[in-house]
Structure formats: structure tokens, C-alpha cells
**Q** 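Below you will find the structure I want to go over with you.
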Amino acid sequence: MSSRDQEVHLALESRFENVELVQLMLEESLVKAECDEDTRYWVGIAVREAVANAIKHGNRQDPDKRVEVTLAIVDQELVIGVTDEGEGFDPGEVPDPLAEENLLKPDGRGIFYMGKFMDGVEYDFQSTGGTKVTLRKRIVFQEAGEKQEETR
Amino acid sequence: MSSRDQEVHLALESRFENVELVQLMLEESLVKAECDEDTRYWVGIAVREAVANAIKHGNRQDPDKRVEVTLAIVDQELVIGVTDEGEGFDPGEVPDPLAEENLLKPDGRGIFYMGKFMDGVEYDFQSTGGTKVTLRKRIVFQEAGEKQEETR
Amino acid sequence: MKIGIRHRQGITILDPKGKITIGSGDIALRDSVIEALESGARKILINLKDVSTIDSSGIGELVAAFTTVTNRGGKLKLVGLPPKVSDILQITQLVTVFEVVDTEDEAVESF
Amino acid sequence: MKIGIRHRQGITILDPKGKITIGSGDIALRDSVIEALESGARKILINLKDVSTIDSSGIGELVAAFTTVTNRGGKLKLVGLPPKVSDILQITQLVTVFEVVDTEDEAVESF
Ligand SMILES: Nc1ncnc2c1ncn2[C@@H]1O[C@H](COP(=O)(O)OP(=O)(O)O)[C@@H](O)[C@H]1O
Ligand SMILES: Nc1ncnc2c1ncn2[C@@H]1O[C@H](COP(=O)(O)OP(=O)(O)O)[C@@H](O)[C@H]1O
């Protein structure tokens, strides 16, 4: 286990403000792990989408339902799990937001962004109901030399 | 339930850096609850002490032991629970840091600060081992008028 | 999120600041576009230079604004895209949909 | 936490910045006091004006520093206490222990 390894669990109420809390924890963890700024930004967007979906589609903003977030950095890989208490869905049925007929739709881009910004997006559906999405990303650690590069 | 009510759970590894994470979440929650700055500061110190004790004395920095933090704002009262997996202790045996003979001791002020900065500090010892400390504080919400006062 | 409104040579310019994300900013953007349309504006420019973060809900609101403005016979353009906002539009192939201009001056002339 | 070291008229001045809290800053403070003592300093002034937060571990380090310096025949004084740091010393009745001065000039004269 490297000193950059970390693990944090969070259980949150189904409110959109809590997307900010998750983002804050993620940012803190990634800064501590010396992850570069661009990666932090794009991973941040992907995680926002996952948490927003859990609150909106999964728990339908029911204040009594929780969103669980697990944030781990193990062997230079960031693994984020977001679990809701919703009814699940069929990821295979989600329309392609790049298809001509979907380009002007106001929604349907969240999962697509997750896929673009992460190395892996995996859906699991619990037998008790509820959706778990696991996002993975290899982390590029900033070395001292690179940091200097940035401030030049 | 007022719109200021919130509840957040956190499970953390036993490392001192995680004191910062808790502080960050607390600050975010208290700002959202429109709690005044002084209260945020002092509550922040008290919560730092509680989490530091759980990591240091409770879990003895064992990376496999977790610290659980529950942060709730209900009916204008902030309630923070910090639970460790340690062996417990007898709060009645903790020496008074203000006693002449203790004034120059380098430690022993944490629980005292919690008591000073919070309205209530309560210890519970789980049958499975482990200490839970519950900190309580009535929150003074900033009204629009008060905010102006501050920036004058 | 705060949205400023300016007027310049018959063009209504919206200046959102901060995050256009779910639950904060997305609705505000929608409201100010509708408000502009209702007060008669047909040339609407959104200056995104002070937008730090936009998520899929924010992008969705931009698309919805585009459709609404177009349906009412108006025009919606975007200017001042920070690199990361530009990237995110690019990724979803929306740069082809939106008319994105480089400077406000260019926008004013092109409407 | 960073600790700057200055010298002024035979006095060693330490300038900790940021948080003196458990796991960050507490050890750094101890180390720089010991370092100062080992390089022969006996008049040590800690200027706390840039310290934002101090917890019981940080207070403990100040107390330990006080004891160590005194035991070695030196003097330790504090200056530049921000209101909240001052409050926290007050609460634990440590203002009576530490010699707290108002300005650096005053400190320089009083040693
Ligand atoms: N956690 C979830 N629980 C239930 N349904 C979901 C969940 N996440 C996504 N979905 C379904 O997948 C669809 C596509 O999601 P997404 O790509 O994020 O776009 P959007 O959220 O804008 O609809 C959603 O409309 C919803 O039907
Ligand atoms: N969570 C805990 N688990 C076990 N012992 C504890 C815990 N919290 C406090 N203690 C005991 O109470 C004592 C006093 O704690 P405190 O007032 O915070 O001062 P300090 O941490 O500086 O010793 C500690 O030294 C320890 O023996």
C-alpha cells in the first residue's frame, strides 16, 4: 500500500447540493494524491454526473433515500462507487446522445460523459433494487519536476 | 423538517489528514446552514479534537480501523457523532487541564476544548468496544440583516 | 450562480458566472433566457467566459435555450468559451449546433 | 505548515504560517524550536500572526517548547496572537504561563 492510497465512504441525502460535497471530498483526495489538475477536473465532472443520476433518477430526490459514495485510491487507480436505492435501469437501452435525432435533446449526456472522462464505467444492479455505478481512472501523479513545469 | 436540515455520514481511515476532510465537510454544511463564522470556527476546533482523539487514542492510527462521523443539522441543532473502534476509556478519570500541576503538560486539553466550544459532549461506549462521542451545538443562523452588520 | 444581463446594439447579452450544474445554475439560465425572450429579445448572446464548470444538465439547458430561441424566430450565439467548456461541447458534438463566435465584437456584427 | 526563521538583535524569531494542528505543523514547530536551541539560541520569539488555526496538539507543542527552552536556560515569548489564538490560550489559562507581548519591538526590548 503506497502512502497515496486512500479510502473514504460517504452516505448522503438525496439532494443536489450534496453533489458539491462529493466534489469537495474528491478534490481534496485527488490533490492529496498529487493528481494533476486536468484529471481532477474531468474526473470531477464524471463523478458529478454519477451522483446527480443517483439523486435524480435513482432516488428521485426522495429525502429518505441515501446515496452512498466510496472513494478509493489504490495502486494509482481511483475507484469511485456511487450507489442509490432506486429501481435500476437498463444501460443498454440508453440512447446515443451523438445520434442525429438526439443532438438537440436537453438530456441524455450524463453516462456518455462518464465514459469519456473515465477509463471504466460499470453498472451493477443490486438484488434489493438500487443501482451501483463504479467509475475507474488511472491517476497520473504529478512529480516535482512537472509541478515546476506548470508554474513556469 | 426545515430546508436547513442536513445529514451526512462519513467513514474514514485512521489518518490525521482525514481531520481536514471532516473539517471541510463541516464547514460546507455549516455555511449552507447559514451558521455564523465564529460558531463555525469554534465548532471546527471541537470536531477536530474529537476526530483526532478517535484516530490517535481510539484507533491508534491503525489503518485498518475506521472512524465514523455523522453530521446532522436538525431543528437548528448541530449534532456530530464520532465513533472509533478503540478500547474506550473512562472520561471521569481524565485530569483537569486547568489544575496547577497540569498547566505545563503538553497534552490533555482536547476534551476540555470540546466542552468549552460545544453545548454538549457525551460519551457512549459500545458493547463491541469503541468510543462514540456526540457533540451538540445550537446554531445561530445569520439573518440577512446580521450579514450586513458584519460587512460594515 | 449569478446571471448578469446587458444590452448592446440590439443584442441581449447574458453573463452567467460560476457553475451551471444540476440544481444550481441550470434553472437560472433557463429563466433568464425565457425572460429575455418575453421582453422581446430575439438576438441573444451568452458569454460563458466566467463559467467555471458545466455539467450535462447545464449543457442540456444551453441546448433547450437554443431550441426555444430558434422556435421563437430568434438567434442564440455563444462567446467566450473557456477551454474546458469548449471541450465539453466538442465532445458531445454540439459545436456544430451552436453558433460559437470568438469575440463579442464579432458576435455583434454577425447577428 | 511552513516555519520561517529570522534573527533580530540576538533574538531568534520563528514565523509559523497556517495551521498548527495534529499531524501537520505540530511536529514542525517542535523541530524548529529544537533546531534554534541547538544552534545556540536562547532568546526565542514565536510570531503567531499568520497562524490561522491551532488545536490542542498545537497548544501542547507551544507548552512543550516553553518547557524545553526554559529548561535550557532560555526564554520563549509569543507575539502577534490573532484573536482566536489568543482566546484559545486564554481558555486553558496559558496566558499566565507564556509571556505574551504586543509587538515585536516590545519583545526585542523586553528579552
Ligand atoms: N442511477 C440511475 N437509476 C435509474 N436510472 C438511471 C440512473 N442513471 C441513469 N439512469 C437512466 O439512464 C438515462 C440516461 O442517463 P444520463 O446519460 O445520465 O442522462 P440524463 O440524466 O440527462 O437523462 C436516464 O434518463 C435514466 O433513465
Ligand atoms: N476516543 C478515545 N479513545 C480512547 N481514549 C480516549 C479517546 N479520547 C480521549 N481519550 C483519553 O482521554 C485522554 C484525554 O484526551 P484529551 O483531553 O483529548 O487530551 P489528549 O488527546 O491531548 O491526551 C486521552 O489522553 C486518552 O487517554
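Protein chains get the first letters and strands the later ones, always in sequence-line order, with residue 1 at the start of each.
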**Q** Counting only heavy atoms not in B:Glu87, do more than 12 fall under 6.0 Å of its CD?
**A**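 Incorrect, the count does not exceed 12.
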
**Q** What part of D:Ile54 gets closer than 4.5 Å to chain B, counting heavy atoms only: side chain, backbone, both or neither?
**A** backbone

**Q** My understanding is that only residues two or more places apart in sequence, or in another chain, count here; which of them pass side-chain contact (heavy atoms from CB on, under 4.5 Å) with B:Ala50?
**A** B:Val82, B:Met114, B:Val133, B:Leu135

**Q** Using a cut-off of under 4.5 Å on heavy-atom pairs, state which of B:Leu103, B:Leu98, B:Ile45, B:Ile55 scores highest against chain D.
**A**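 Looking at each option in turn, the highest pair count goes to B:Leu98.
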
**Q** Pairs in or reaching into residues 117-133 of chain B: which pass side-chain hydrogen bond (donor to acceptor under 3.5 Å, both in side chains), with residues at least two apart or in two chains?
**A** none

**Q** Going by side-chain contact (heavy atoms from CB on, under 4.5 Å), name the residues that satisfy it together with B:Val94, two or more places apart in sequence or in a different chain.
**A**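 Partners of B:Val94 under the side-chain contact (heavy atoms from CB on, under 4.5 Å) test: B:Phe89, B:Ile111.
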
**Q** Considering only heavy-atom distances, could you tabulate the donor-acceptor pairs under 3.5 Å between chain B and chain D?
**A**
{"unit_1": "B:Glu20", "atom_1": "OE1", "unit_2": "D:Lys19", "atom_2": "NZ", "d": "2.5"}
{"unit_1": "B:Asp38", "atom_1": "OD1", "unit_2": "D:Lys84", "atom_2": "NZ", "d": "2.9"}
{"unit_1": "B:Tyr41", "atom_1": "OH", "unit_2": "D:Ser52", "atom_2": "O", "d": "2.8"}
{"unit_1": "B:Glu49", "atom_1": "OE1", "unit_2": "D:Ser56", "atom_2": "OG", "d": "2.5"}
{"unit_1": "B:Glu49", "atom_1": "OE2", "unit_2": "D:Ser56", "atom_2": "N", "d": "2.6"}
{"unit_1": "B:Glu49", "atom_1": "OE2", "unit_2": "D:Ser56", "atom_2": "OG", "d": "3.3"}
{"unit_1": "B:Tyr113", "atom_1": "OH", "unit_2": "D:Ile88", "atom_2": "O", "d": "3.2"}
{"unit_1": "B:Tyr113", "atom_1": "OH", "unit_2": "D:Thr92", "atom_2": "OG1", "d": "2.7"}

**Q** Please look at B:Leu104 and chain D and tell me whether the side chain, the backbone, both or neither of the residue comes under 4.5 angstrom of a heavy atom of that chain.
**A** both

**Q** Using non-hydrogen atoms only, which part of D:Leu94 is less than 4.5 Å away from chain B: side chain, backbone, both, or neither?
**A** side chain

